[in-house]
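Input: a single structure, listed below in structure tokens.
The figures that follow rest on heavy atoms only: side chains count, while hydrogens, waters and symmetry mates do not. Chain naming here is simple, since letters A, B, ... match the order of the sequence lines and numbering starts at 1 in each.
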Protein chains: 4
Amino acid sequence: MAPIDRRKQILKAAAKSFALFGYKATTMDQVAKIANVGKGTIYTFFTNKEELFDEILHEVIIEMKNVAERELDHEQTFFNNLFRILDSLLEFREQHDLLIKLSQEVREFGTLQAKTGNAKVEGVITGYLEKELRLAQEKGEIKPCDPKVASFIMFKIYIALTSDWSHGNDPLSKEEIKQYIELFLVHGLVPDLPV
Amino acid sequence: MAPIDRRKQILKAAAKSFALFGYKATTMDQVAKIANVGKGTIYTFFTNKEELFDEILHEVIIEMKNVAERELDHEQTFFNNLFRILDSLLEFREQHDLLIKLSQEVREFGTLQAKTGNAKVEGVITGYLEKELRLAQEKGEIKPCDPKVASFIMFKIYIALTSDWSHGNDPLSKEEIKQYIELFLVHGLVPDLPV
Amino acid sequence: MAPIDRRKQILKAAAKSFALFGYKATTMDQVAKIANVGKGTIYTFFTNKEELFDEILHEVIIEMKNVAERELDHEQTFFNNLFRILDSLLEFREQHDLLIKLSQEVREFGTLQAKTGNAKVEGVITGYLEKELRLAQEKGEIKPCDPKVASFIMFKIYIALTSDWSHGNDPLSKEEIKQYIELFLVHGLVPDLPV
Amino acid sequence: MAPIDRRKQILKAAAKSFALFGYKATTMDQVAKIANVGKGTIYTFFTNKEELFDEILHEVIIEMKNVAERELDHEQTFFNNLFRILDSLLEFREQHDLLIKLSQEVREFGTLQAKTGNAKVEGVITGYLEKELRLAQEKGEIKPCDPKVASFIMFKIYIALTSDWSHGNDPLSKEEIKQYIELFLVHGLVPDLPV
DNA sequence: AATGAATGAGTGTTCATTCAT
DNA sequence: TATGAATGAACACTCATTCAT
């Protein structure tokens with residue numbers, strides 16, 4: 001088996017376990033077993049548990065950023081862009097949705113926090129979103145609100161629909177996710193014409 | 001000191017520590033020290049760490065339910081009730097908001113998950129919300145949507161604003177929280193009349 | 001069992017194992033087993049393996065220094081003092097002879113070396129000896145030689161007789177040790193009158 | 001590269017590392033890197049780490065014995081022989097002095113000890129010395145003493161001067177070493193005529 | 001024959017839980 | 001009853017050894 005395969009095997013197994021059980025509750029033995037690899041092998045590719053975790057986080061960030069940048073077109077409206085990017089992200093959800101959820105757990109490590117603080121999935125995504133929200137606001141495409149808070153909530157809603165929900169429920173389809181995002185973000189729950 | 005006092009002391013200390021550091025990162029030594037109690041004493045009241053955790057979860061649920069039931073008035077509209085209940089919950093937020101966060105961590109335990117599944121804060125709250133959403137829908141107060149998903153999202157938005165946000169940002173005021181809930185849940189981001 | 005007993009038990013066991021097998025080859029499991037104590041118990045008294053080692057070293061140094069200082073009398077000749085101090089040291093040899101040997105192994109730890117450098121048994125003892133040798137030389141009691149080298153050798157001879165020798169041979173009696181020290185240090189192997 | 005070269009390369013590298021860091025602290029990776037050889041290659045020449053160590057010990061012994069036998073001349077006095085042999089040994093000190101030091105570390109291995117007991121550098125050298133001392137004693141060249149103990153001490157003094165001292169001090173020159181051996185072994189520290 | 005990626009037994013350390021006082 | 005000293009199972013990580021290439 002090519003070394004790259006083994007590295008990927010481990011990353012995949014670790015991602016699965018981290019997403020399922022969290023950082024602390026994931027043991028290296030477990031990762032090794034899931035990856036069908038000797039425990040020592042993990043350490044030939046990653047210095048330690050923390051680095052393994054970081055690597056996974058980093059990969060997700062890179063990939064999501066690429067997707068977003070590929071789709072983003074400033075000629076179009078904010079919501080247009082939002083839904084197209086969403087569409088692309090949801091395309092390879094299978095590899096990533098659980099991982100995204102990890103972003104919520106980074107705070108678990110006292111020490112790690114500082115070091116990787118700005119590399120957090122959450123930070124990167126909301127930062128990105130915030131910038132776009134600000135532009136949209138200037139163009140009058142959305143109501144006035146703090147873009148920082150708004151981007152934070154949008155991110156949380158996305159996570160809730162793509163990841164959180166599927167713990168304990170059947171995963172939502174791509175279309176359903178988009179519908180609910182539209183419902184909550186765009187128009188709200190109140191009927192348009194409560195005559 | 002009466003035994004009930006000791007029990008409460010421990011519960012309070014554990015709640016604080018669980019909320020601050022999470023389940024795994026909370027040690028019984030820590031809880032004992034915060035509670036100003038011998039470590040062994042904890043075990044005279046609780047069988048083990050897991051039960052201590054469950055108890056705390058349970059207490060929060062009960063209290064929240066009481067608050068909700070006290071405020072709920074089916075003569076009024078859904079949103080009216082929602083905001084009044086929210087108001088009351090936020091009132092004693094200091095004791096509970098961090099705990100709510102715990103609901104997110106329950107999944108941390110592979111084994112625990114199954115056993116305490118139905119005792120989850122999350123499940124109770126969303127179940128409650130779901131029931132009310134269904135009624136509101138029947139009355140035409142809100143747009144048609146799956147009440148289960150909707151209640152889930154609403155809960156997540158609530159957690160995001162009251163708890164998640166304050167990791168890394170200044171906590172939002174009660175008023176701000178209500179504003180954002182209104183913005184996202186009730187009316188959406190799109191300006192009302194983009195003629 | 002009084003806590004002091006346990007602490008002493010552990011120190012004794014660790015001393016034995018360190019002296020017998022060296023630092024690296026001594027496992028905490030081994031120490032625990034020899035001390036007839038749970039492994040965790042060691043960590044209630046000592047932060048880690050290194051500190052356990054340091055403590056042992058420190059204790060020996062303190063005790064030896066006390067013995068030496070009690071016996072030292074600058075009114076008397078160097079050799080007189082030397083033999084009286086030797087006498088006292090050999091008195092409680094049973095607790096310490098093996099430990100003394102540890103001084104040779106301190107170099108094993110890359111990191112430790114720097115931290116405890118000046119606390120080394122060897123350094124303390126030879127430093128002490130050196131000072132006395134210098135005085136003796138000024139008084140003409142011994143031949144001219146570098147006191148630093150001389151003290152080093154004297155220490156090594158002492159270790160050889162009290163400790164090294166007993167690995168693989170019956171230990172030498174107190175009297176024998178003194179005889180050999182006199183033979184090598186004081187008069188040399190050459191017969192006095194090789195007529 | 002001829003296999004014999006590779007073997008020598010490995011032995012040399014291992015000798016260096018054992019001498020520098022000791023048995024336990026020497027890793028096979030380290031040896032392989034120093035020898036500029038694949039790690040697996042080591043195992044084509046030596047069954048395991050222990051055997052590699054033994055081989056090195058053995059080699060030193062053979063070489064020292066050869067040197068000694070070449071110089072030894074029973075027509076001459078004990079001390080004459082001693083100093084000439086010493087001279088020769090010190091000649092190729094660069095390759096071996098650190099190795100000699102290893103003799104002290106053999107005890108490090110609980111299990112190994114028994115198996116290689118009779119192959120110990122120490123044992124061979126002191127055995128040799130003992131024989132010569134016995135002869136010298138019979139000729140009246142040295143004072144009466146147990147040749148076994150005396151040879152042991154002589155060996156320790158030699159190690160101390162050639163090897164131990166240089167940890168933490170500038171190495172002594174060949175001349176200095178001989179001077180100190182003469183001082184301690186031959187005549188002692190007491191001035192000849194303390195009138 | 002030579003290699004180094006892969007392995008898992010073994011190490012130091014932590015912490016929930018027990019139990020003698 | 002309340003305690004905290006004692007415990008050992010469990011964890012992250014290391015390294016001698018193996019084996020497919």
Side-chain angles (χ1 to χ4, degrees), chain A residues 1-7 9-10 24-33 35-52, chain B residues 1-3 6 10 23-33 36-52, chain C residues 1-7 9-10 24-33 35-52, chain D residues 1-3 6 10 23-33 36-52:
Chain A
M1 196 181 292
I4 292 205
D5 276 0
R6 275 187 139 63
R7 202 176 187 279
Q9 250 174 302
I10 293 166
K24 272 237 167 185
T26 289
T27 70
M28 297 304 256
D29 267 308
Q30 209 174 96
V31 174
K33 194 164 286 175
N36 203 30
V37 146
K39 187 168 34 163
T41 308
I42 302 176
Y43 288 90
T44 63
F45 295 111
F46 307 94
T47 310
N48 51 33
K49 192 182 174 183
E50 201 173 313
E51 202 190 272
L52 174 59
Chain B
M1 198 181 290
R6 273 179 140 62
I10 293 167
Y23 181 83
K24 271 242 165 185
T26 288
T27 68
M28 296 303 256
D29 266 306
Q30 218 172 89
V31 174
K33 193 165 286 174
N36 204 29
V37 147
K39 190 167 28 163
T41 309
I42 301 176
Y43 287 88
T44 62
F45 293 111
F46 307 93
T47 310
N48 51 31
K49 193 181 173 184
E50 202 173 310
E51 201 190 273
L52 174 59
Chain C
M1 196 183 289
I4 292 206
D5 276 359
R6 276 185 137 66
R7 200 175 188 280
Q9 249 174 303
I10 293 166
K24 272 235 167 188
T26 289
T27 69
M28 296 304 256
D29 266 309
Q30 210 174 95
V31 173
K33 195 163 287 175
N36 202 30
V37 146
K39 189 165 33 159
T41 308
I42 301 176
Y43 288 88
T44 62
F45 294 111
F46 308 94
T47 308
N48 51 33
K49 191 179 175 185
E50 201 173 310
E51 202 191 273
L52 174 59
Chain D
M1 195 183 292
R6 276 180 138 59
I10 293 166
Y23 181 83
K24 270 244 168 185
T26 289
T27 68
M28 297 304 255
D29 267 307
Q30 215 172 93
V31 174
K33 192 164 285 174
N36 204 30
V37 147
K39 189 168 31 163
T41 309
I42 301 176
Y43 288 87
T44 63
F45 293 112
F46 307 94
T47 311
N48 52 32
K49 193 180 173 184
E50 202 174 309
E51 200 191 274
L52 174 60

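- For the residue pair B/T44 and B/T41, the shortest heavy atom distance occurs at OG1-O, 2.5 Å.
- In this structure, D/E51 and D/F45 approach most closely via the heavy-atom pair OE2-O, 4.2 Å.
- For A/T27, the side chain to side chain contact (heavy atoms under 4.5 Å, CB included) partners are A/D29, A/Q30, not counting sequence neighbours.
- Side-chain contact check for C/Y43 versus C/M28: some heavy-atom pair is nearer than 4.5 Å.
- Remark: the backbone N or O of C/A35 is paired with a side-chain donor or acceptor of C/Q9 at under 3.5 angstrom.
- Residues D/K49 and D/L52 are not in side-chain contact: their nearest non-hydrogen atoms beyond the backbone lie 4.5 Å or more apart.
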Using a 4.0 Å cut-off on protein heavy atoms (strictly under), produce a 5'-to-3' string for nucleotides 10-17 of chain F with B for base contact, S for backbone-only sugar-phosphate contact, and - for none. BSSBB-SB
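- Look at CD1 on A/I10: it is 13 Å from P on E/dA5, rounded to the nearest Å.
- Pairing each heavy atom of C/G38 with each of C/A32, the nearest pair is C-CB, 4.1 Å.
- Contact record, D/I42 with D/I10: CA-CD1, 3.9 Å, taken as the closest heavy-atom pair.
- For A/T44 and D/T44, each mapped to the nucleotide of DNA chain E holding its nearest heavy atom, the one lying further toward the 5' end belongs to D/T44.
- Rounded to a whole Å, the CD1 atom of C/I42 is 13 Å from the P atom of E/dT14.
- Paired regions of DNA chain F, where each region holds three or more successive Watson-Crick or G-U pairs whose two hydrogen-bonding distances fall under 3.5 Å, are E:2-21 with F:2-21.
- Of the side-chain N and O atoms in A/R6, one or more sit less than 4.0 angstrom from OP1 or OP2 of E/dA6.
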